[in-house]
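Numbers for residues simply follow the sequence, beginning at 1.
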Amino acid sequence: MKLLSLLVLVIVWYAGVTAQTDNPNYDKALADSLGADEYGMKSYIFVIVKTGTIQIDDKQKVGELFRGHMNNINRLVKMKKLIVAGPFGKNDHSYRGLFIFDSKSKDEVITLLQTDPAIKEKLLEAELFDWYGSAALPTYLKVSDRVSKTHP
């Protein structure tokens, strides 16, 4: 009798755990299209952009490099490789901003970063990290364009 009671208890517990972990909103086609794992997550490359090793005193040259930097960001977004980019506020670490690339390959991201004139000229430099986040992250780009009154 004790064994039967224990067996029933285990079955009830297992059913409760299973019911709690199943998501009734799960969309397999969407998850597959985004490359999601069973937790709705996937790997990205997270980049911290820092002040580079070269200082340029020519303000016109610096302006050209940063215009190229912004143009390159927009180009990488259109390619659907760069899905998050933004500057940091003033800080003690020389951190200037961040990028999140929809890529699993650091080598690919290093190649893409070399198309940024400010990074190529070492006015900025990049530190890369493997990052695990929501596979839905790239979908925010569709909404992002609808909330921006002007484009950079």
Side-chain angles (χ1 to χ4, degrees), residues 13-152:
W13 173 81
Y14 179 76
V17 169
T18 302
Q20 290 174 358
T21 60
D22 288 343
N23 178 2
N25 299 315
Y26 178 69
D27 181 335
K28 181 173 177 15
L30 178 60
D32 290 347
S33 75
L34 294 170
D37 65 15
E38 67 180 293
Y39 303 107
M41 308 281 277
K42 71 183 226 177
S43 295
Y44 298 94
I45 303 297
F46 184 95
V47 178
I48 301 264
V49 180
K50 306 185 294 187
T51 301
T53 55
I54 301 295
Q55 281 193 319
I56 299 174
D57 293 327
D58 182 345
K59 290 187 189 297
Q60 183 176 347
K61 176 74 172 172
V62 170
E64 290 171 12
L65 290 172
F66 276 103
R67 273 191 300 285
H69 171 71
M70 294 305 296
N71 290 340
N72 195 59
I73 287 172
N74 290 325
R75 183 182 68 80
L76 294 171
V77 167
K78 286 178 185 168
M79 290 173 57
K80 298 185 178 178
K81 287 295 183 180
L82 181 61
I83 56 172
V84 174
F88 290 134
K90 191 171 180 146
N91 61 77
D92 296 332
H93 301 285
S94 298
Y95 295 164
R96 303 291 294 273
L98 70 87
F99 294 147
I100 299 177
F101 282 88
D102 194 356
S103 176
K104 293 179 183 176
S105 166
K106 284 185 180 177
D107 290 336
E108 177 189 26
V109 171
I110 289 168
T111 299
L112 292 170
L113 288 169
Q114 285 306 306
T115 65
D116 185 315
I119 291 175
K120 191 172 184 178
E121 292 293 321
K122 299 189 186 326
L123 190 62
L124 297 173
E125 63 182 49
E127 194 171 337
L128 284 66
F129 302 89
D130 293 316
W131 186 66
Y132 183 64
S134 172
L137 191 58
T139 64
Y140 102 93
L141 288 171
K142 295 172 189 169
V143 176
S144 176
D145 191 48
R146 295 173 46 210
V147 299
S148 300
K149 191 171 183 178
T150 60
H151 288 280

Leu123 and Val62: side-chain contact (heavy atoms from CB on, under 4.5 Å), yes or no, with the steps?
CA-CA 8 Å; Leu123 190 62; Val62 170; 4.2 Å; yes

To the nearest 0.5 Å, tell me how far Ser43 OG sits from Lys104 NZ.
6.0 Å

Residue pair Ala126 / Val47: nearest heavy atoms and the distance that separates them
CB-CG1, 3.5 Å

Output for pair (Ile83 CD1, Leu137 CG), nearest 0.5 Å, gives 4.0 Å

Point-to-point distance, once rounded to the nearest 0.5 Å, from CD of Glu121 to CD1 of Ile54
8.5 Å

Which of Leu113, Leu112, Val109 passes side chain to side chain contact (heavy atoms under 4.5 Å, CB included) with Leu76? It is Leu112

Under 6.0 Å from the CZ atom of Phe129, do we count more than 12 heavy atoms belonging to anything else shown?
yes

Salt bridge Lys120-Asp116, side-chain N to carboxylate O under 4.0 Å:
no

Measuring from Phe88:CZ to Tyr95:OH, what's the distance to the nearest 0.5 Å?
8.0 Å

Of all heavy-atom pairs linking Ile100 and Leu82, the shortest is O-CD1, 3.6 Å

Residues two or more places apart in sequence or in another chain: which of them pass ring pair (Phe, Tyr, Trp, His ring centres under 6.0 Å) with Phe66?
His69

Test item: Asp32 side-chain N/O and Gly35 main-chain N/O as donor-acceptor pair under 3.5 Å:
no

Working for side-chain contact (heavy atoms from CB on, under 4.5 Å), residues Tyr26 and Lys28
CA-CA 6 Å; Tyr26 178 69; Lys28 181 173 177 15; 3.6 Å; yes

Does a side-chain heavy-atom distance below 4.5 Å link Asp102 with Lys81?
no

Going by the side-chain hydrogen bond (donor to acceptor under 3.5 Å, both in side chains) test, which pairs reach into residues 127-139, not counting sequence neighbours?
Asp37-Tyr132, Lys50-Glu127

Please lay out, stage by stage, how Ile119 and Glu125 fare under the test side-chain contact (heavy atoms from CB on, under 4.5 Å).
CA-CA 5 Å; Ile119 291 175; Glu125 63 182 49; 5.9 Å; no

Do you know the tightest heavy-atom contact between Asn72 and Pro117?
CB-CD, 4.5 Å

Can you tell me how far the CG atom of Asn23 sits from the CD atom of Glu38, to the nearest 0.5 Å?
12.5 Å

For Phe99 against Ala85, the heavy-atom pair lying closest together:
CD2-CB, 3.6 Å

